[in-house]
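For reference, the structure discussed in these notes is given below.
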Protein chains: 2
Amino acid sequence: MIHSGFDKLFYPKSIAVIGASSKKGTLSWELINNLVRYGYNGKIFPINPKAEVIHCFKVYKSVTEIKDDIDLAIVMVSKNYVLSAIDDCYMKKINSVVLITAGFKETGEDGASLEKQLMKKIEKYKIRLIGPNCMGLINTRSDVNMNAVFVKGTPVKGGIGFISQSGALGAAVLATLEKNDIGFSQFISIGNKADITENEILNYWKDNNDVKVITLYLESFADPRKFLEISKEVSKTKPVITIKAARTASGQKAASSHTGALAGAEAIVNTVFEQAGVIRMDTVEDMFDLAKAFDRTVIPEGKRLGILTNAGGPAILTVDEADKWGLDIPVLKTNTVKKLKEIAPEEASLNNPVDLLPPATAEIYGKATEIMLEDENIDVLIIILGPPLMLDTLEIARAISNATKKSPKPSIIVLMSQDENIAKLSQIDPSHPPIFSRAESAARCFGLMYKYATSRIKKDKMVYEPKVNKNKVKKILNDLPKGNYYLDFIDIYEILKNYDLPVITSYLAKNAQESVIIAEKMGYPIVIKAIAKDLIHKTDAGGVVVDIKNTEELVNAENKVLSKLREKELDKNFEGFLIQPYMKGGIETIFGVTKDRGAGHLIMFGLGGIFVEVLKDVSFRILPIEYDDASQMVKSIKGYKILEGIRGNPPVDFDCIIENMLKLSKLVSDFPEILEIDFNPFIVSNDRNKFKILDARIKVRL
Amino acid sequence: MIHSGFDKLFYPKSIAVIGASSKKGTLSWELINNLVRYGYNGKIFPINPKAEVIHCFKVYKSVTEIKDDIDLAIVMVSKNYVLSAIDDCYMKKINSVVLITAGFKETGEDGASLEKQLMKKIEKYKIRLIGPNCMGLINTRSDVNMNAVFVKGTPVKGGIGFISQSGALGAAVLATLEKNDIGFSQFISIGNKADITENEILNYWKDNNDVKVITLYLESFADPRKFLEISKEVSKTKPVITIKAARTASGQKAASSHTGALAGAEAIVNTVFEQAGVIRMDTVEDMFDLAKAFDRTVIPEGKRLGILTNAGGPAILTVDEADKWGLDIPVLKTNTVKKLKEIAPEEASLNNPVDLLPPATAEIYGKATEIMLEDENIDVLIIILGPPLMLDTLEIARAISNATKKSPKPSIIVLMSQDENIAKLSQIDPSHPPIFSRAESAARCFGLMYKYATSRIKKDKMVYEPKVNKNKVKKILNDLPKGNYYLDFIDIYEILKNYDLPVITSYLAKNAQESVIIAEKMGYPIVIKAIAKDLIHKTDAGGVVVDIKNTEELVNAENKVLSKLREKELDKNFEGFLIQPYMKGGIETIFGVTKDRGAGHLIMFGLGGIFVEVLKDVSFRILPIEYDDASQMVKSIKGYKILEGIRGNPPVDFDCIIENMLKLSKLVSDFPEILEIDFNPFIVSNDRNKFKILDARIKVRL
């Protein structure tokens, strides 16, 4: 067993409990009690300056008194003694500390200041610390057997790792492990995560074979960008399932099509999870049902669900749920039905779902399970056992469990309205498949597992390398004044041209005469846009006129715009009119970039017009992105059908959309000083030559 | 106690069990055992030609032998003896029969034919029958105490009525009543519902004071229209909560904007529930959590949720869920915080959610509950109790329960990870508020309860009586040939005019010359539409040209259309061109009517164009509708914001939309021979004079 990093935390050979109390019922007494009762395989050293014996253990006045090496210190002294306890750890050369004591940042200013002092100390001492304000950690591996928490509940052994940001929620989960047959390998309550965060634990568990499935309860990200990077890697080899609580208020209500305004906190959280391949669940029950399924069975190779039941109603609800999660309910092979007929009662329904009716015995249930798992049309099986009348449920459940083991395919057993039998079956048959109490949840889990399986399949990676002229853009930005502002269109135009982004032909006309000359050269119809410093929302201000057909209309339009600007006192810095050809046809999209304090640069894609304004139908990814990311973004919007071509229209050039997104991604990677970009509208078409950015804004911090 | 209708079913003074077995473990033995053990308050007469004694009861060879009156016969003989058992019932003048025996319609053709014979008999005998293929019924009222089912579980007393179409699912629910503290007043398993259906039971429970909340598990509607009518009435006085299983496959995938194609089976089910005020739930757990909440507490008068907890994480998840269901989390009054400060530990968080921290005792919890319920900013309270370390949960829960009774406001207690305490608390404190195991579910229930409360508030009913000329339309339809077909536009035009529906001015020109004359009189720009029998999809066939600006364009357009029709061989029955003014501006909507076999006529409203084609953004109601129905329909579509006015546009004339929907409703009520109507597009605007139906189809069966 070779682990790196946090081995002394999770696999300690000796633990000092600093602040151990000899009083039964105190947190520290309970923690030591849990360690002893669970059969910890290392040495325990209670530290208390006043006690002699705690729980049969000799008590030391200080860790420094101990001769043996100490791998892990669990600090539970009251908050005023925490700093000196850390000093002691340093003296004793202890590098790993779990600080359970509360009263730090979570309580206000004074606590926050204490936490700062603590952090200074551990940085100086090179100590790694879990907490403060946490409830401990668990490793169920038989040669470790460390149950170092102070709450009730006997950890069931299994392959689930759980990181909880809430101690109380962690406690509530631990209290249900046995009842719900949820098997943990490791658990850690990370509290205020002042030093060690979920990101480091995730990274540590990546190559830890004891942890097969990772679950998290988070209220905040320590660093969303790091979480994305790490969990994206981890989720390639093991599923990562998360609850992210503390959703922010429903957010954006304004009809804004501005990328920054659309990238609300919840949108960023969902983007991080989606991009990382992390499965987000809403409730603790649902998260651990899914974790249990991943832990106790194999990942499905297909999405064809078989259902075996003794109760019609629950099977129908399972079909409904399976449909919702994208599973198929296949017809059984003729031979399967024939074999079932030989064992099932006459009235049984032998189509999928197969209903054996309430009197079905253990023998019939076991055989039917085997027969269904042998069917080539079935990839996964849910076996529902409603409370039978006069039969021994446990005997039936055991027969089912044994039968499932004869097949390599995944199964879930559902014991309806008989929760007490879940723990019983898991005890008499330790190598059982997942046992659920809710059939719908079983269907949902298979749906999510199959989705996870397909997301892991490696496709031929499409690669597109945009041809860009980085140096020219560098020069443009270098020549600009320092500050935080929107670029002039002339600069934007040059930047986009150099990154091969198809901005529409545009000329700046400084006066009416120039306008007429440019327009005639360009050919009517044209569009004019007033250009002035601080005139960001040109259309709203009446600064844009479209579909100008001749010189007369042009002159009238310019006069009208100018008088409007004068009226609104927006004409002070008027520089002239941008003249562009007027385009018809194509589909309006928007491309955008915004920078979030935590997550960094995000790219956005959506359909323009009412789709973004009314339906907020946009998708995000954190930059940089690759071909597949962009492709998923485009396909995930609700209005994707419009891009595929409706009303007999040809589909748009999908590749060309992706390529432009990758150009935009490269632009922002090359110049992180860009804070915001909006192309709105960006006209896309079936003809890549007709792709045109009609309007663009770029904000920079130089 | 005065009940009508099914009193002999639910409140029988004597029961004959026909087909009673003396063998322990048989269904009939178990049923009699349940009756006896639950303390049935009437007389039981087992019928069996061969036995002497069953369960201490004298056995009769036939019901006809009994001298006493028999209110209810429960028939459990094997299927071959069912018909003669019914004959016996008739001889004994028994009007109410519960037929438990299976093997009827559910098993195929032979069974269906037996069911038909059965139905003939009971109609002749005027017997009312529950079943066949059911599992019995329950009435927990203390002076009845009838537990007439053959499955395990002791019914807990309460105010919930439950109708189950699945016996097995009913059994699974009964098995969890005690554990989950779900209190039933009446339960009925309706099986094949050959005679008595959910509709009749619903209607019976409407005025039955023992039933406070109604729950249903349905796989199919006996009659969706009747269900709508009855449940709409019932839900005004008591909540009706339903699971409708057996959803049909995800349905419509085609980009059709035709009302008939959009009105899929699931859309109709949802329309029925919404229109009736019935609350649809997805899982049994969720349904009974909600029913329990309605049963054990009062309906909220506001949506401001207070949360009291000893665990931060679960409270945060509750806030997330509350937000999802439209509840507010208000700030507490200063005085409340002051009072809480006096009793809570120093580190406690005294903002809403109030976190008392794990060491909170029964005394603190009880007082805090009282203080929060006294706060004027709080309408409803959720009290979360995470598993405490060294304290007696039951004692705390009891203190909370007592405290909640001092306030008229509704509360829910959540006992996290301690399911075993739910039943215990309910026993030691029978008048407790609802006790949940999932905090999120408590928030959802309050959200749904508040929604139910507001939906019951009587508004000043808006009334609009369309002015129509029914007789003229009657004459038009009378003069048409018999059959099943689409009307000609000329007839449609007249019908709409007579119902004051603003169809666009249209003239039929039989040749090019007439076209030119009409067009010039009308004024350009115009639209032409080719008219021919069987040419339903004019636009797809290239039969429509818009924005024709002058005579030259008109002549060219007509020639082009004609040659296209010729190409497609659609010109056989060509009648001429419809000439209409070309309209710009306004918003495209669609109005439609379709007729469903079960639900009857439905009306549809939606935004036109991509909204209907891509997003299927439409709403339905079953006809006839009133002002409020129409108003809800319009407001419920996703694109409603567009009608309210985006991009600085004025809002459309909302009343005028409603009025036109009511005209359409009246047209169909007056002429039910109409099978389908589509107005697509129907242009709406802020100016009611600009409302125009640009195209209309009507299909009739004459």
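Letters A, B, ... mirror the listed sequences (proteins, then strands); counts begin at 1. Computed from a predicted model, the values in this text were never measured in an experiment.
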Please determine whether the number of non-hydrogen atoms from other residues, nucleotides or ligands lying under 6.0 Å from atom CG of B/D547 exceeds 12. yes
Pick from B/I243, B/V319, B/I642: which one has the most heavy-atom pairs with chain A under 4.5 Å? B/I642
Could you look at B/E321 and say if it's the side chain, the backbone, both or neither that has a heavy atom under 4.5 Å from chain A? neither
Which bit of A/P358 comes within less than 4.5 Å of chain B, counting heavy atoms only: side chain, backbone, both or neither? neither
Side chain, backbone, both or neither: which part of A/E30 has an atom under 4.5 Å from a heavy atom of chain B? side chain
Minimum heavy-atom separation for A/A246 and B/D320, please, with both atom names. N-OD2, 2.9 Å
Exercise: identify the closest heavy-atom pair between A/D419 and B/K179: OD2-NZ, 2.6 Å
Once you round to the nearest 0.5 Å, how far does NZ of A/K152 lie from CD of B/Q418? 9.5 Å
Hits for ring pair (Phe, Tyr, Trp, His ring centres under 6.0 Å) against B/W29, two or more places apart or cross-chain, chain-then-number order -> B/H55
Between B/D282 and A/L317, the two heavy atoms sitting closest are O-CD2, 4.2 Å
Suppose a student defines contact as a heavy atom less than 4.5 Å from any heavy atom of chain B. Which residues in residues 166-175 of chain A would they list? A/S166, A/A168, A/L169, A/A171, A/A172, A/V173, A/A175
Interface residue of largest heavy-atom contact number with chain A, from B/A245, B/G386, B/G639, under 4.5 Å: B/A245
Non-hydrogen atoms of chain B under 4.5 Å away: do they reach the side chain of A/L357, the backbone, both or neither? neither
About how many Å separate CG of B/L607 and CD1 of A/I610, when rounded to the nearest 0.5 Å? 7.5 Å
Heavy-atom distance under 4.5 Å to chain B: side chain of A/E106, backbone, both or neither? neither
Residues, nucleotides or ligands: over 12 heavy atoms within 6.0 Å of B/K105 NZ: no
Cut-off 4.5 Å, heavy atoms of chain A, and the answer for B/L615 is side chain
Partner set under ring pair (Phe, Tyr, Trp, His ring centres under 6.0 Å) for A/F288, not counting sequence neighbours: A/F162, A/F184
Is B/V151 close to chain A through its backbone or its side chain, or both, or neither, when contacts mean heavy atoms under 4.5 Å? both
Determine the option with the most heavy-atom pairs under 4.5 angstrom with chain B, choosing from A/S349, A/G25, A/A102. A/G25
With only heavy atoms counted, which part of B/K24 is less than 4.5 Å from chain A, the side chain, the backbone, both or neither? neither
Could you list the residues that satisfy salt bridge (charged side-chain N to carboxylate O under 4.0 Å, His left out) with B/D617, not counting sequence neighbours? none
Quick check on B/D110: does its CG atom have over 12 non-hydrogen neighbours (other residues, nucleotides or ligands) under 6.0 Å away? no
Of the non-hydrogen atoms in A/V284 and B/E440, which two are nearest, and what is the gap between them? N-OE2, 4.4 Å
Between atom CD of A/E285 and atom OG of B/S441, what is the distance when rounded to the nearest 0.5 Å? 9.0 Å
B/F150, part contacting chain A, at a heavy-atom distance under 4.5 Å: both
Contact check, side chains of B/T283 and A/R438, non-hydrogen atoms, under 4.5 Å: no
